[in-house]
Each structure stands twice: as structure tokens, then as C-alpha cells.
Amino acid sequence: MPISEEIAGAFVNHHNKMASHYDAGEQGFTTEDILWAAGIWSVILTLSPVIVFYMLMVA
């Protein structure tokens, strides 16, 4: 089943935007990157005691 030209065009445009973002030489973290990392770490640190407790009870 062939991909429609509209979908293919959107795919290419998205990748061109990503490439231009990285080709611009922008270094450092954005606010979105920091919030994303903080969210991931909060989940990991919140669940780790639960996982450790479960492992101790099962072992």
C-alpha cells in the first residue's frame, strides 16, 4: 500500500526541521529537556523503594 504524498511530505518536512535544528549548532538544554528529565527521574526515584521492597518480599 503506497504512502500518500501528503503523509510523505509531512514526514520529510518533519525531518528537515529536525535536521535544521541540529545543524544550527544549538548547544545546551532547553526548558523542555530539563522538565522531561526531572519527570523521568522523579518516577524512577519514586518507584525504586517500591521495587526494592517487592524484591525483598519475593526473594
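Quick caveat: nothing in here was measured; it's all calculated off a predicted structure. FYI, side chains are in, hydrogens and waters are out, and symmetry mates aren't considered; it's all heavy atoms of this structure.
Hydrophobic clustering (ILVMFWY, side-chain heavy atoms < 4.5 Å, transitive): Leu56 and Leu47 are in distinct clusters. Tyr54 and Ile51 fall within a single hydrophobic cluster, where Ile, Leu, Val, Met, Phe, Trp and Tyr are joined by side-chain heavy atoms under 4.5 Å apart, directly or via other members.
When hydrophobic side chains of Ile, Leu, Val, Met, Phe, Trp and Tyr are connected at separations under 4.5 Å, Ile40 ends up clustered with Trp36, Trp41, Ile44, Leu45.
In this view, Phe29 and Asp33, Ile34 satisfy the side-chain contact (heavy atoms from CB on, under 4.5 Å) rule, not counting sequence neighbours.
When every heavy atom of Pro49 is checked against every heavy atom of Thr46, the shortest pair comes out as CD-O, 3.4 Å.
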